[in-house]
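Below: one structure, written as structure tokens.
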Amino acid sequence: MSELIDILSLFPEEAQRFLVENGEPKFREKQIFSWLMKGKSFDEMKNLPLALQKKLGERCLFTLPSVAEKQVSKMDGTVKYLFRLFDGACVESVLMHYSYGDTLCISSQVGCRMGCKFCASTLGGKERDLLPSEMLGQIVMAQADSGCHVSHVVMMGIGEPLDNYENVIRFLKLAAHPERLGLSPRRVSLSTCGIVPRIHDLAKEELPVTLSVSLHASSNQTRNQIMPINHKYPIEELLGACKAYFEETGRRISFEYTLLSGVNDSQETAQELGQVLRRGLGKMPIHVNLIRLNEVKERDFQRSGAERAKAFIDTLAKVGITATLRRRLGADVDAACGQLRSKTLKSTDDHGET
Ligand code: SAH
């Protein structure tokens with residue numbers, strides 16, 4: 001049997017070519033994708049001949065995920081989805097309502113191999129990369145389920161987007177395509193732990209996404225302890241890539257910094273962070289996004305107190321760096337990346353199911 005085609009990862013011209021090669025007229029592509037973008041399956045495509053519905057079912061992989069579990073915050077309406085993929089693997093997406101629009105946080109891999117010590121997503125390592133269609137599919141299905149229009153996307157769910165580079169780039173281009181979602185890359189934030197060569201590559205893609213860089217430390221000594229990627233790409237190299245990205249694209253970069261009690265949250269550390277950022281980035285505008293840790297049961301780190309966070313912000317301000325504390329949405333759902341997935345994996349293990 002020939003290999004199944006991942007039709008939802010194809011650009012319109014490619015999908016048309018596939019249809020023509022399979023004896024169908026080109027115009028069917030528009031019809032098929034108008035249904036797919038609404039989250040419908042091949043056998044729900046009412047204006048297609050039954051024979052074509054059947055042919056698509058036989059020759060194409062259906063990669064739109066299904067909702068395996070859903071939690072809605074009673075506090076702010078944040079929706080946490082656990083999506084089941086075509087092979088049974090699960091990933092998470094979070095739909096957040098902001099004044100400027102509805103934002104979806106999506107996953108880019110099943111699991112993660114970066115090994116950050118405070119993160120739940122990386123507990124079981126990486127299972128596989130997500131296909132472009134599976135990243136697109138999270139947006140499509142969140143919209144179909146909620147009735148919301150997703151105007152912004154953040155790639156801050158499970159996985160390291162720059163460790164799945166080709167698929168992520170194709171996803172961003174597909175999402176931007178007017179015949180798919182028409183989602184401008186300017187409305188997408190991509191978060192990375194700092195894979196330096198891929199930051200240089202991204203700068204050349206002409207995809208004006210907002211880059212967020214997970215720093216979480218002011219020295220290589222501390223960063224080495226909490227983020228294994230730092231052994232390969234230490235802070236100076238990472239900041240060098242950030243500077244080059246800014247010079248090439250003119251896009252501001254935001255730095256994520258998760259406060260870990262007693263590890264990286266002292267005022268001396270804030271001061272050191274300010275100096276390191278200035279030294280590495282020169283006059284480039286700098287914004288630090290502070291995150292208070294979502295405690296993960298399997299990990300030892302503790303959340304810093306609110307006063308500690310405030311003192312950290314004030315110290316950074318004194319050295320001319322603006323920092324804001326990320327608002328915590330969905331505090332009553334399992335909103336930390338990877339927590340819902342790892343909980344579900346565990347409960348199926350406990351029950352001895354597959
Ligand atoms: N792989 C990407 C996306 C990860 S999730 C990256 O490393 O940037 C987005 C952000 O949440 C990252 O800055 C990540 O370090 C941070 N994060 C992960 N686990 C966290 C936790 N338990 N509490 C707070 N922030 C966390």
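Whatever order the structure lists ligands and atoms in, that order sets their numbers, starting from 1.
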Sub-6.0 Å ring centroid separation between F42 and F62: yes
Any atoms of ligand 1 less than 4.0 Å from a non-hydrogen atom of [X]? List them with their elements.
X: C119; result: 18 (C), 19 (N)
X: L293; result: 21 (C), 22 (N), 23 (N), 24 (C)
X: E160; result: 1 (N), 2 (C), 6 (C), 7 (O)
X: G159; result: 1 (N), 2 (C), 3 (C)
X: M156; result: 5 (S), 9 (C)
X: C193; result: 6 (C), 7 (O), 8 (O)

M227 near ligand 1 by a heavy-atom separation under 4.0 Å: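 So M227 does not count as touching ligand 1.
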Residue-ligand contact S121/ligand 1, heavy atom below 4.0 Å: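 No, S121 has no heavy atoms under 4.0 Å from ligand 1.
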Taking atom types as modelled and ignoring hydrogens, do the side chains of [X] and [Y] form a donor-acceptor contact shorter than 3.5 angstrom?
X: Q271; Y: T315; answer: no
X: T192; Y: E160; answer: yes
X: Y81; Y: D145; answer: yes
X: D102; Y: Q143; answer: no

Examine [X] against ligand 1 and note whether any of their N/O atoms are separated by less than 3.5 Å.
X: R292; answer: no
X: S191; answer: yes
X: M155; answer: no

Does ligand 1 have a heavy atom under 4.0 Å from the side chain of [X], from its backbone, from both, or from neither?
X: E256; result: side chain
X: H216; result: side chain
X: N294; result: both
X: T192; result: backbone

Mark yes or no for whether [X], through its side chain, and [Y], through its backbone, hold a donor-acceptor pair below 3.5 Å.
X: N264; Y: T269; result: no
X: E237; Y: P234; result: no
X: S9; Y: S133; result: yes

Closest to [atom] (judged by heavy-atom distance), picking from [options]:
atom: atom 12 (C) of ligand 1; options: S214, S189, C116, A120; value: S214
atom: atom 25 (N) of ligand 1; options: T258, I195, L162; value: T258
atom: atom 11 (O) of ligand 1; options: V296, I291, I226; value: I291

Salt bridge flag under 4.0 Å for residues R84 and E92: no
Salt bridge present between K80 and E69 (N-O < 4.0 angstrom):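 So K80 does not pair with E69 through a salt bridge.
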Closest contact, heavy atoms only, L293 versus F118: CD1-CB, 4.0 Å
